[in-house]
Each structure stands twice: as structure tokens, then as C-alpha cells.
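Input: a single structure, listed below in C-alpha cells.
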Amino acid sequence: MTLETLNKEIIQCRKCPRLVQWREEVARVKRKAYKDQEYWGKPVPGFGDPQARVLVVGLAPGAHGSNRTGRNFTGDASGGFLFPALHRAGFANQAEAESRSDGLILKDMYITASGRCAPPDNKPSPEELNNCQPYLEREIQIIQPKVIVCLGKIAFDRILKIFQVRGLKFSHGALYPIHPSSFIIHPLFLLCSYHPSQQNTLTGKLTIKMFDEIWVKAKQLAGKEK
Ligand code: SF4
């Protein structure tokens, strides 16, 4: 299976009734500032370089961010913090991410999420995340990354569940080796970062410097022989 085929499947998914209802309602009602735009209103597939050595896993689409634009972290405050950092680190050709046609190209990186549909209050239920997990598993199998960067604890817990690893603790900058399994042929590194949500960036819990260090580390690890 290719990423293209997988993404076509993801976009049509209606496995979670609560999320299908929410994502479509948000797309219909819209936020005032975006009332002239056509919302995506569907599951948001991953995007980036199919040959990526670095896979980034986020939480889930924002109601008026990627549920509007159809691309992860695009058109919201989290993306406004993430893409400038990726640009500084050389993973993105530009710092701006406003729409699917804004010319953004990722190099050596693929960005995906634990859940593909915008959840009410940004909180997918455990059952909804379980429903969505097979898509993430298949992305990992296809991409075979050398590094997975987990943005936030929910993404970290999901990756641990996929690799059936217990007892690892989430903290910003934590780094763990993961051994080959049914999903990955080669060992890989799991690197943790706080999520670049406003809750973290406006409070100073996640600073630009702290975030830049994550991407420098990811780059080093991707080039490292294990
Ligand atoms: S969250 Fe995932 S499993 Fe649930 S409807 Fe969306 S794409 Fe499907």
C-alpha cells in the first residue's frame, strides 16, 4: 500500500459517529472570520515527504485549523509556532502554512496525528483514538521512519501502545530507543516534545529555544546509524 492509497481511505472514514457529526457541523456553521471559506470538514490525512526519516505525530485537527484547511497544523496557532521552527531547522521550505495550496514542502519529514477528525474541546475519546490507530500503524509501516517526534503526551501514549512498550515517561526532550517489531524493520528513536498549542507557547511552558532544540536533535538522530 502507498501513502496515497492510504490517504484516500482516511479521507472517507466515518468510523466515529460523534466526530463525523462534529467535524461536519463545524464545517457547516463556520467561524465568523472564515465564513467565506469552504471548510474541509473531513478526516485530515498526513502530509509531507514519503521518504521521510522523521515522522511527527500530533494530537488531532483543530476545529477551525486543519478541519478548515485540510492539512495538519495549517491555519492555526499551533502551526504558527511549528512551521517557523521547521523552517529554521531545514525541514520546511517556508515558515508559513495557511492552506493546502500555499507552496509548503516538507523535506525528510512527514506530519501526521493520533486522531484524524476534529474532536469537541480538542479531546478525542480513547475509543476514537483506538478507531484511528490503524491508520497511524500503516503510516509507520509504509514510511519506516528513523525518528518519531511525539508532540504531546497523547501522541506519546499512542505510539507506546502501537509498539507495545510500557513504563516510559513523557517529558519534553525525553528520548527512547524502540526496537524492531511487526511495524518497523529497523530500530528507531522516540523523541518527546511538548505540543506547540497556545496553552504551552503562551504560558512559556514551550519556548522557541526549547522547540528548536527538538528539531536539531531530530535531525541528528535521523542521520545516525544505529
Ligand atoms: S477519527 Fe479516525 S477513525 Fe474516527 S472517523 Fe475520523 S478518521 Fe475515522
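All ligand and atom numbering here is 1-based and tracks the order in the structure. Nothing fancy with the numbering, it's 1 onward along the sequence.
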Starting at CD of E137, measure out to CD1 of I142 and round the result to the nearest 0.5 Å.
12.0 Å
Would the distance check show the side chain of S114 and the main-chain N or O of G58 forming a donor-acceptor pair, the cut-off being under 3.5 Å?
yes
Run the side-chain hydrogen bond (donor to acceptor under 3.5 Å, both in side chains) test against S171 and tell me which residues pass, sequence neighbours left out.
none
Which residues satisfy the side-chain contact (heavy atoms from CB on, under 4.5 Å) test with R31, sequence neighbours excluded?
Y34, Y39, H64
Atom 4 (Fe) of ligand 1 neighbourhood, protein N/O/S only, threshold under 2.8 Å:
C16 SG
The criterion is salt bridge (charged side-chain N to carboxylate O under 4.0 Å, His left out); which residues satisfy it with E213, sequence neighbours excluded?
K209
Ring centroid separation for F73 and H195, is it under 6.0 angstrom?
yes
